[in-house]
Amino acid sequence: MAKTSNRDSYKKILSSLQTHNKWFENSIPLIASENIPSPAVKEALLSDFGNRYAEGWPGERVYAGCIYIDEVEFECMALAKKLFKAEFADVRPISGVVANLAIYSAFTNPGDIMIAPSIPAGGHISHGKKEHSGTAGLVHGLDVEFYPFDAEEMTIDVDKTKDKIEELKKAGRLPKMAMFGGSLFLFPHPVKELADFMKSHNIYINYDAAHVAGLIAGGRFQDPLREGADSMTMSTHKTLFGPQGGLVLASAQYGEAIKKATFPGLTSSHHIHHMAAKAITFTEALEFGKDYAKQVIKNAKILAEALSENGFKVLGERRGFTESHQIAVNVLDYSDGGKVEADLEKANIIVNRQLIPGDIKAGRNYFHPGGIRLGVAEITRLGMKGSEMKEIASFIKKIVIDKKDPKKMISTIKKFRKDYQKVHYCFDNKLGAYEYVKLR
Ligand code: DSN
């Protein structure tokens with residue numbers, strides 16, 4: 001094997017970073033858990049905050065050197081509370097998974113039972129069972145039970161959930177925590193329908209808003225903290241278009257327990273540059289979030305309808321396909337989710353394969369599930385609207401249904417992308433969305 005010099009490796013890594021940006025400039029990014037941050041957020045990520053420690057709570061740090069970090073973190077917490085009308089905010093969790101772990105650690109003990117959505121019913125890996133290497137089971141030792149799910153309505157079944165909880169209670173296995181929200185998330189979850197029932201059984205309610213946080217902030221989805229959730233966890237980079245990171249919001253009474261779980265429980269450095277970037281994101285969401293959320297949902301509905309008109313089986317049809325940024329498509333008539341994901345990628349259309357209700361029973365697995373999931377959060381931030389959604393549906397049809405060679409679609413897609421190279425819904429957008437910043 002030819003020996004690679006350190007300098008060659010160095011150059012290769014930097015070149016891959018640059019080529020990736022070029023690829024995304026010419027692609028249609030439809031991963032529902034991703035978005036593109038503004039230039040100001042990127043500036044914060046490059047700042048010296050990223051080289052510092054600020055352990056503890058602002059004003060009570062265990063290191064010196066935190067004067068400006070504290071200033072920004074106080075502002076960050078105030079903005080988060082304003083954006084989500086919350087009494088308490090902890091902006092330190094470094095991801096959505098860590099935010100969920102903070103809640104598990106603060107309010108449950110290993111061995112306790114949590115009821116949560118299963119993965120084909122939209123649950124996230126961080127809500128999962130130990131045998132599936134889910135964070136709740138594997139890391140915190142929770143015993144996870146799944147909600148009964150209504151695949152027609154694409155949401156949690158309220159009556160069957162009540163029955164299940166009563167049965168668990170009879171068996172001496174009453175859940176300590178109920179988790180709402182998740183990763184495949186087309187319609188609001190029945191928080192207000194179940195909150196009183198859960199409370200009457202002393203079940204703590206957390207809502208994982210990772211996917212829909214920007215829609216909640218924009219007033220276009222359910223409002224979990226007003227519907228009965230005790231706390232709300234999230235990542236900060238999906239429909240809430242910020243840096244990768246986490247956030248916990250809660251009623252004031254839960255603040256102290258959450259603070260201790262986050263530090264020293266789960267973080268040492270909380271990636272201070274990301275915290276600053278979250279603060280900038282909150283200002284953008286407060287200023288532009290309502291218009292953004294409205295357009296995201298409009299775009300998702302148009303794309304879902306166009307896919308359906310093009311012959312695809314789009315889930316949630318009875319309810320108008322979606323109320324969020326996501327669309328789920330059953331692709332089993334053509335092949336499977338894994339194959340469709342790979343074919344679309346060859347045409348620069350980036351989606352992810354998705355387990356959908358019925359997959360596990362039918363013996364399908366995560367590599368070859370029955371569906372794909374599409375999200376419009378990023379393309380909306382790039383300024384796309386209804387007519388672009390219809391064009392995207394026709395590109396997908398050409399590849400998946402008409403079996404056109406994906407490589408032959410690349411030039412069409414590059415042309416389609418030309419006019420969408422800036423980030424919208426932000427204060428400053430001089431830098432292109434995927435413009436590579438070379439500092440050497
Ligand atoms: N795995 C991500 C998603 O795509 O939903 C969330 O962490």
Side-chain angles (χ1 to χ4, degrees), residues 24 27-37 93-104 116-129 132-140 144 149 154-155 179-189 206-216 221 232-248 266 271 274 278 296 300 315-316 322-329 337-338 340-342 344-345 349-357 359 365-367 369-381:
F24 268 67
S27 300
I28 302 178
L30 295 170
I31 301 286
S33 47
E34 294 177 355
N35 210 325
I36 182 82
I94 58 165
S95 69
V97 171
V98 171
N100 282 340
L101 262 175
I103 292 297
Y104 302 154
S118 70
I119 288 187
H124 186 244
I125 43 165
S126 62
H127 312 161
K129 288 177 188 270
H132 303 146
S133 299
T135 314
L138 186 72
V139 182
H140 194 63
V144 180
F149 192 75
M154 285 302 287
T155 194
M179 174 67 84
F180 289 100
S183 273
L184 175 63
F185 204 0
L186 302 174
F187 302 104
H189 276 173
N206 185 67
Y207 183 102
D208 185 338
H211 270 270
V212 293
L215 308 181
I216 293 171
F221 207 66
M232 185 158 82
T233 47
M234 66 188 69
S235 49
T236 49
H237 50 269
K238 298 181 171 77
T239 52
L240 183 59
F241 36 50
Q244 291 204 336
L247 172 65
V248 181
L266 290 159
H271 302 181
H274 285 242
K278 287 175 207 176
V296 164
L315 303 196
T322 184
E323 289 295 333
S324 75
H325 61 305
Q326 295 189 7
I327 298 136
V329 185
V340 168
E341 176 191 288
L344 290 173
E345 190 188 56
I349 299 177
I350 317 293
V351 308
N352 71 274
R353 60 185 184 272
Q354 178 72 43
L355 280 168
I356 54 175
D359 272 351
N365 61 29
Y366 179 67
F367 291 100
I372 55 169
R373 184 186 66 170
L374 313 174
V376 301
E378 186 161 350
I379 53 176
T380 304
R381 202 150 199 236

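What's counted below: heavy atoms across the whole structure, side chains too, no hydrogens, waters or symmetry copies. We count ligands from 1, going down the list as the structure has it; atoms in each ligand are counted the same way.
Side chains of Asp208 and His127: a donor on one and an acceptor on the other come within 3.5 Å.
For Lys238, every heavy-atom contact with ligand 1 shorter than 4.0 Å involves the side chain, none the backbone.
Contact between Glu34 and ligand 1 is absent, with no heavy atom of the residue lying under 4.0 Å from the ligand.
Side-chain contact between Met179 and Asn100 is present, with at least one heavy-atom pair separated by less than 4.5 Å.
Evaluated for a side chain to side chain contact (heavy atoms under 4.5 Å, CB included) with Thr239, the options Gln326, His325, Glu378 yield exactly one hit, His325.
Remark: His189 pairs with Phe185 by the ring pair (Phe, Tyr, Trp, His ring centres under 6.0 Å) rule, at least two apart or across chains.
Atom numbering of ligand 1 starts at 1 in the shown order; those under 4.0 Å from a heavy atom of Arg373 are 3 (C), 4 (O), 5 (O). Taking a cut-off of under 4.0 Å to the non-hydrogen atoms of Ser33, the atoms of ligand 1 that pass are 2 (C), 3 (C), 4 (O), 5 (O).
Here the protein heavy atom with the shortest distance to atom 7 (O) of ligand 1 is His124 NE2, 2.8 Å. Given atom 5 (O) of ligand 1, the protein heavy atom at minimum distance is His211 NE2, 2.7 Å.
Distance check: Tyr366 OH to Arg353 CZ gives 4.5 Å after rounding to the nearest 0.5 Å.
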